[in-house]
Amino acid sequence: MKIIFLDIDGVLQPGTQDRFKHDLDSLKNDLVQKNPAYESLNQYDIGATYYDWDKTAVSLMIKLCETTGAQFVISSDWRLYSALPELRLLFALQNMEQYVLDVISSGNNLSRHEEIQSYLDSHDNITQFVIIDDRYIREFEENFPLNFVQTSWLFTEENYEKAIQILENG
């Protein structure tokens, strides 16, 4: 199994906040009419996913999943505020829900690299993985030097090329 440990802010969502230019209550109400499960979601999270996620970054991430067969394990702080079913609903707004497999645990005051290592230790069926994050975390470089792709505000074609090399060639 191939896994993408995915951060969201700075990877799919740049620093834009276009959602505040829109009627988020109406957007949420429209979504709830189609799927009542959206009622549990925060309208700002819905708006961020719907309006602020970069279309090119999203399409590159979909292409990465389709090309490699990889799935997402969410490592983003978004996992602290939304459970896995809610994250899948948010990803559905960008037609990406089928790629969301899991979230890393956030217990025991572990750092993010320790949470990822713990996930890897408890899932021995992972054959390849890549960590995609905008933050430079020294521990990623030290512990996962061949598996880390750092973005700069957004997932780009260059990041895609590096990630596909990691997932396809190890």
Side-chain angles (χ1 to χ4, degrees), residues 1-107 112 115-116 119 129-137 140 148-164 166-167:
M1 177 167 49
K2 297 178 182 182
I3 295 296
I4 299 166
F5 290 101
L6 183 65
D7 184 30
I8 294 172
D9 296 319
V11 176
L12 297 176
Q13 181 174 323
T16 59
Q17 297 197 359
D18 290 339
R19 65 188 169 275
F20 296 112
K21 299 175 187 172
H22 301 274
D23 184 347
L24 300 179
D25 290 325
S26 289
L27 173 62
K28 181 176 177 175
N29 289 336
D30 290 347
L31 291 169
V32 169
Q33 292 298 315
K34 296 174 188 168
N35 182 347
Y38 280 99
E39 184 65 46
S40 68
L41 297 179
N42 177 289
Q43 74 267 24
Y44 298 106
D45 292 340
I46 291 171
T49 306
Y50 193 84
Y51 293 113
D52 294 336
W53 284 17
D54 182 84
K55 303 301 182 214
T56 301
V58 166
S59 69
L60 285 169
M61 200 60 72
I62 290 170
K63 182 179 172 186
L64 181 62
C65 289
E66 290 179 354
T67 301
T68 64
Q71 293 182 289
F72 302 130
V73 173
I74 308 300
S75 58
S76 171
D77 286 344
W78 285 46
R79 70 194 154 90
L80 304 175
Y81 311 107
S82 299
L84 183 58
E86 294 169 328
L87 288 167
R88 283 192 179 117
L89 284 170
L90 291 170
F91 274 72
L93 297 173
Q94 296 291 338
N95 298 311
M96 300 172 73
E97 71 278 12
Q98 68 272 27
Y99 306 116
V100 179
L101 176 68
D102 206 353
V103 296
I104 59 172
S105 169
S106 60
R112 190 172 294 182
E115 292 170 336
I116 289 173
Y119 191 91
F129 72 94
V130 63
I131 300 165
I132 302 176
D133 203 306
D134 67 315
R135 293 181 292 170
Y136 175 75
I137 299 177
F140 284 169
F148 178 49
V149 174
Q150 183 182 9
T151 64
S152 180
W153 289 104
L154 205 54
F155 189 67
T156 64
E157 184 73 39
E158 181 181 333
N159 301 138
Y160 167 83
E161 293 298 331
K162 185 174 180 183
I164 204 162
I166 293 167
L167 290 170

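Every value quoted in this text rests on a predicted model; they were computed, and no experiment measured them.
- Residues passing the ring pair (Phe, Tyr, Trp, His ring centres under 6.0 Å) test with Tyr44 are Phe20, sequence neighbours excluded.
- In this structure Phe148 satisfies the ring pair (Phe, Tyr, Trp, His ring centres under 6.0 Å) test together with Phe140, sequence neighbours excluded.
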N/O donor-acceptor pairs under 3.5 Å from side chains in residues 86-104, not counting sequence neighbours:
| unit_1 | atom_1 | unit_2 | atom_2 | d |
| --- | --- | --- | --- | --- |
| Glu86 | OE1 | Ala83 | N | 2.9 |
| Arg88 | NE | Val100 | O | 3.0 |
| Arg88 | NH2 | Val100 | O | 3.1 |
| Arg88 | NH2 | Leu101 | O | 3.0 |
| Gln94 | NE2 | Thr49 | O | 2.8 |
| Tyr99 | OH | Glu66 | OE2 | 2.8 |
| Asp102 | OD2 | Tyr119 | OH | 2.9 |

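- Distance alone, capped at 3.5 Å, places no donor-acceptor pair between the Thr67 side chain and the Leu64 backbone.
- For OH of Tyr160, the number of neighbouring non-hydrogen atoms (other residues, nucleotides, ligands) closer than 6.0 Å is greater than 12.
- Applying the side chain to side chain contact (heavy atoms under 4.5 Å, CB included) rule to Thr56 yields the partners Asp54, Leu60; only residues at least two apart in sequence or on another chain are considered.
- A distance of 13.0 Å separates SG of Cys65 from NZ of Lys63, quoted to the nearest 0.5 Å.
- Residue pairs meeting the salt bridge (Lys or Arg N to Asp or Glu O under 4.0 Å) criterion with at least one member in residues 71-82, sequence neighbours excluded: Asp77-Arg112, Arg79-Glu115.
- Atom OG in Ser82 sits 10.5 Å away from atom CD1 in Ile74 (nearest 0.5 Å).
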message: Set out, in order, the CA-CA distance, both residues' side-chain angles and the distance that settles side chain to side chain contact (heavy atoms under 4.5 Å, CB included) for Ile46 and Leu27, then state yes or no.
response: CA-CA 8 Å; Ile46 291 171; Leu27 173 62; 3.7 Å; yes
Would you list the atom pairs, donor with acceptor, under 3.5 Å between side chains in residues 1-13 and any protein atom, with sequence neighbours excluded?
| unit_1 | atom_1 | unit_2 | atom_2 | d |
| --- | --- | --- | --- | --- |
| Lys2 | NZ | Leu167 | O | 3.3 |
| Lys2 | NZ | Glu168 | OE2 | 3.2 |
| Asp9 | OD1 | Trp78 | NE1 | 3.3 |
| Asp9 | OD2 | Trp78 | NE1 | 3.2 |
| Gln13 | OE1 | Trp53 | NE1 | 3.2 |

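- Atom-to-atom distance recorded for Ser75:OG and Ile116:CD1 is 5.0 Å, nearest 0.5 angstrom.
- Legend: residues meeting side chain to side chain contact (heavy atoms under 4.5 Å, CB included) with Thr156, ordered by chain and number and at least two apart, are Glu158, Asn159.
- Note on residues 15-34: pairs passing side-chain hydrogen bond (donor to acceptor under 3.5 Å, both in side chains), not counting sequence neighbours, are Asp18-Lys21, Arg19-Asp52, Asp23-Ser26.
- Listed by chain and number, the residues in a side chain to side chain contact (heavy atoms under 4.5 Å, CB included) with Glu161 are Glu157, Ile164 (sequence neighbours excluded).
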